[in-house]
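Atoms within a ligand are numbered from 1 in the order they appear, just like the ligands themselves.
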Amino acid sequence: MINVKDLHKNFGTVEVLKGINLDVDAGEVVAIIGPSGSGKSTLLRCLNLLETPTSGEIVFEGNVLNDKRTNINQHRQKMGMVFQSFNLFPHKNVLDNLTMTPQLLKKGSKTELEAVALGLLNKVGLEEKASSYPSQLSGGQKQRVAIARALAMNPDVMLFDEPTSALDPEVVGDVLGVMKNLAREGMTMVVVTHEMGFAREVADRVIFMDKGIVQEEGPPEQLFGNPQNERTQSFLSKVL
Ligand code: ADP
Ligand code: MG
């Protein structure tokens, strides 16, 4: 579904991504771990061209995204993104947060889109919050709304950038639970996370990034149980 080939990203003279190769298959859950500043967010943002790659290629469903002739908006709609900081529309209630963009893009009638949105809210356990405003929700609830909002676009892949890092510990499990269910349903997911338990339990493959390079990757049992790279070992000894 996604093929990243020799991706480089510079900010000014600083090379943040130094040749990333990454393939994500349909239905696969890939967790990206690594120290702060290693380029995880930059990589995720390059995947849907929130950042423009300096060089290399990003192929999504057979289309080279970073080609001037590609209509990026069309493909971006197929990539849901969830950030650490929710980014809900503050002046719209929860239901409108879910229906606004699909409505703008004429994905269906208002009634149809609202029915879909209520179904998604039910899925994330927040149907009763449909008419609440973001300011009336806890961080965990906001993040579950953000996930439902991304799903309302009917994406083929969901990208998560540390979705639980800004949350109080007692609500982290609710959000991870929603993500776990999504994974079980077969959603293709790329998840940057510090939740090693989640990565171990849910990911099909774990990628360890450091200094702008994929230092090691493998199934969770292998990467957590028997890391080969010295940097992976050192990182895991600090976080596990
Ligand atoms: P991570 O998500 O792994 O913590 P990031 O991808 O956010 O790492 O950042 C990697 C490096 O790129 C950091 O040194 C950061 O300061 C730098 N960086 C990220 N975004 C920008 C930007 N827009 N302008 C300049 N430097 C940036
Ligand atoms: Mg980051």
Peer 1: How does the hydrophobic cluster around V59 look, that is, which other residues are in it when side-chain heavy atoms under 4.5 Å mark a link?
Peer 2: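 Once heavy-atom contacts under 4.5 Å are chained together, V59 belongs with V64.
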
Peer 1: Is it true that some N/O/S atom of S41, main chain or side chain, lies under 2.8 Å from the Mg ion (ligand 2)?
Peer 2: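 Within the cut-off used here (under 2.8 Å), S41 does place an N, O or S atom near the Mg ion (ligand 2).
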
Peer 1: Under the criterion side-chain contact (heavy atoms from CB on, under 4.5 Å), which of V157, N48, N63, N154 is the partner of K78?
Peer 2: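 Result for side-chain contact (heavy atoms from CB on, under 4.5 Å) with K78: N154.
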
Peer 1: Mind listing the N or O contacts between ligand 1 and protein, cut-off under 3.5 Å?
Peer 2:
unit_1	atom_1	unit_2	atom_2	d
ligand 1	2 (O)	S41	N	2.9
ligand 1	2 (O)	S41	OG	2.8
ligand 1	3 (O)	S38	N	3.2
ligand 1	3 (O)	S38	OG	3.4
ligand 1	3 (O)	G39	N	3.0
ligand 1	3 (O)	K40	N	2.9
ligand 1	3 (O)	K40	NZ	2.8
ligand 1	4 (O)	G37	N	2.7
ligand 1	6 (O)	T42	N	2.9
ligand 1	6 (O)	T42	OG1	2.5
ligand 1	8 (O)	G39	N	3.2

Peer 1: What distance do T99 atom OG1 and N93 atom CG have between them, rounded to the nearest 0.5 Å?
Peer 2: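 Here the rounded value is 8.0 Å.
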
Peer 1: Compare every heavy atom of L137 with every heavy atom of S132, then report the nearest pair and how far apart it is.
Peer 2: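 That closest heavy-atom pairing would be CB-CD2, 4.1 Å.
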
Peer 1: Taking the six-membered ring for Trp, are F60 and H75 parallel (under 30°), tilted (30 to 60°) or perpendicular (over 60°)?
Peer 2: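 Ring orientation, 0 to 90° scale: perpendicular.
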
Peer 1: Does K9 make a cation-pi contact with F11 (under 6.0 Å, within 45 degrees of the axis)?
Peer 2: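 Yes.
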
